[in-house]
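Note that ligands are numbered from 1 as they come in the structure, with each ligand's atoms numbered from 1 the same way.
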Amino acid sequence: MESALTSKEKTMNTTTRRFELTASEFDWKVSQNKTVRAWGFNNSVPGPFIKAKKGDTVAVKVKNNLHEATMIHWHGIRLEAPMDGTGDVQKPIAPGESFEYRFVVPDAGTFWYHSHENETEQMERGMYGALIVEDDTDPVMDEERIFMIDDMKLTPSNDFKRGNFFQRWAERHDGREGETLLINGKENPLIRMHAGQMERWRFINSSSARYFFLHLNGKTFKIIATDGGLLETPQEATQLLMVPGERYDIVVGPFDEGMTFAIESLPYNRMTMLKPKRQTFATVEVGTSKPSLAMLPEGLRSIEPLAARDAAITRKVKLSVDPSLKRGIDFTVNGEMHGADKPVYVGELQVWEVSNTSLMDHPFHLHGFFFQVLEVNGKTPAYLAVKDTINLAPRSKVKIAWIADNRPGKWMYHCHILEHHAAGMMAHFEVVDPAQGPQQFSSDTQSCHIH
Ligand SMILES: [Cu+2]
């Protein structure tokens, strides 16, 4: 992935990093004998890698050369509402038009950008990229890599066609999963690393619906960060579930020279009609030894807890899949499709019970703000983390806490299985500055884009 940094300028006290993204259709080679007609940015899947330092201003000019409208959501960035890239806050960028997104990146971590218009098609075809924010307090590693996990469902002629009525129904129900497994837009790429070294691998699940259950042939790795940046201390693991939208940074190595192993996903049953499988995404080859300069401290940072575990619940958000006479099945939040939830006031502690009454998993994503997980099914999680996306297993409950900082405007939360989001499992809400009062939702920006 090439950096799209075109210039760097010093303003009063912050650095502005400028990028240009051109959305278009192009041929993309996922492997030696498989080329797809992708939609993406700057003729690449993933799109250009956007890198900044904590506190920088990022300015991204998006030119739309597609035949349909698009807009970009900056997943995990605590930006101002008008820059969130949803239909609530902007008009989609029409074909031939441009729009400049401009925001400060206040947190270090692994973030990403993706289309938020006709997502089930635009993201499936490749409209996403990584956005990494670095900080001086990041642990020093020998090497750093970004792995964007995706899959494509292709016909025998490598086309994205949706299929017959039943196949479309199944896709809406299960979310779209395909057999073309991608890391950074390539099928089973070869990753070469040096023996004796420690590397930071930043994983981003950018798929439509795939649950990526990381496994490195049983090797132990250390989880050091998730959606909202570093954990307090590294956590040892041999497997790690990453749901659509979620990010995890891990530290791997040191490994011995000559070792070869696969980056795999173990079977995970998310209770759909799809059969869980063990699948290979990439192959790692460990070459000649090199001295290590890496330093992974036991204390990475401290995270201030937002609320006690037994804090009173202020809101309930219920994700459901219900039978419907009209559509066969409805994907809802609190009984509504694409509904409007109550406002949230700046500075007021939010303690939400998010529940999943359905018999399948759903990844819950909150736009623009981070939350902490107080409980999962009544139990305290193993470690404190800063999150914006979390999985809800069938018939489960999570208790999350968050506080809206002073960024009033229109926001949303939704299931990050793109087909469920499109089918209605989402809600709009407004963050209100008590001094200003609520804004008016205007009918031309509150549209929902169902395809
Ligand atoms: Cu869902």
Side-chain angles (χ1 to χ4, degrees), residues 73 75-76 86 112 114-116 118-124 128 149-151 153 162 167-178 204-213 227 241-247 265 268-276 316-324 327-339 341 352-367 371 373 376-377 387-398 400 411-429 448-451:
H73 170 56
H75 189 129
T86 70
W112 62 303
H114 63 78
S115 158
H116 215 280
N118 186 18
E119 284 172 270
T120 55
E121 179 160 19
Q122 295 192 2
M123 282 181 67
E124 172 72 357
Y128 59 78
I149 303 297
D150 190 15
D151 60 25
K153 185 175 169 185
R162 274 214 172 99
Q167 287 161 330
R168 294 163 92 105
W169 188 90
E171 214 170 88
R172 180 175 178 269
H173 181 272
D174 294 349
R176 185 173 167 115
E177 271 193 45
I204 301 167
N205 187 339
S206 45
S207 71
S208 304
R210 173 172 294 273
Y211 276 47
F212 179 72
F213 198 4
D227 306 338
L241 181 67
M242 303 182 201
V243 300
E246 221 175 9
R247 287 89 65 209
S265 178
Y268 178 83
N269 191 352
R270 59 183 181 87
M271 305 305 279
T272 62
M273 296 177 284
L274 296 158
K275 202 171 170 263
K316 290 187 177 181
V317 173
K318 194 175 78 180
L319 311 181
S320 307
V321 180
D322 300 318
S324 140
R327 287 160 296 269
I329 208 169
D330 276 346
F331 290 84
T332 62
V333 172
N334 291 340
E336 275 188 274
M337 291 183 288
H338 303 278
D341 200 349
W352 290 12
E353 181 192 271
V354 185
S355 64
N356 172 12
T357 66
S358 79
L359 300 173
M360 61 168 86
D361 290 59
H362 299 285
F364 171 86
H365 170 48
L366 174 66
H367 274 225
F371 55 80
V373 180
V376 177
N377 290 328
K387 301 287 293 166
D388 59 48
T389 305
I390 185 169
N391 189 48
L392 276 125
R395 294 209 186 278
S396 72
K397 258 180 206 172
V398 298
I400 61 171
W411 302 94
M412 61 173 64
Y413 56 80
H414 59 83
C415 172
H416 220 285
I417 289 177
L418 305 180
E419 288 73 18
H420 295 175
H421 177 192
M425 195 176 268
M426 64 90 64
H428 309 267
F429 70 94
C448 306
H449 305 279
I450 312 166
H451 295 266

Run the side chain to side chain donor-acceptor pair (under 3.5 Å) check on His420 and His414 step by step: do they pass? CA-CA 9 Å; His420 295 175; His414 59 83; over 6 Å; no

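When all heavy atoms are compared, the tightest approach of Val376 to Val398 is CG2-CG1, 4.1 Å. In this structure, Pro244 and His416 approach most closely via the heavy-atom pair O-CB, 3.4 Å.
Neighbouring protein atoms of the Cu ion (ligand 1) (N, O or S, distance under 2.8 Å, waters ignored): His362 ND1, Cys415 SG, His420 ND1.
Applying the 6.0 Å contact sphere to NZ of Lys318 captures no more than 12 heavy atoms from other residues, nucleotides or ligands.
Using a 30° and 60° split on the angle between ring planes, Phe364 and Phe371 fall in the tilted class, from 30° to 60°. The aromatic rings of His73 and His116 sit perpendicular to each other, their planes meeting at more than 60°, with 30° as the lower class boundary.
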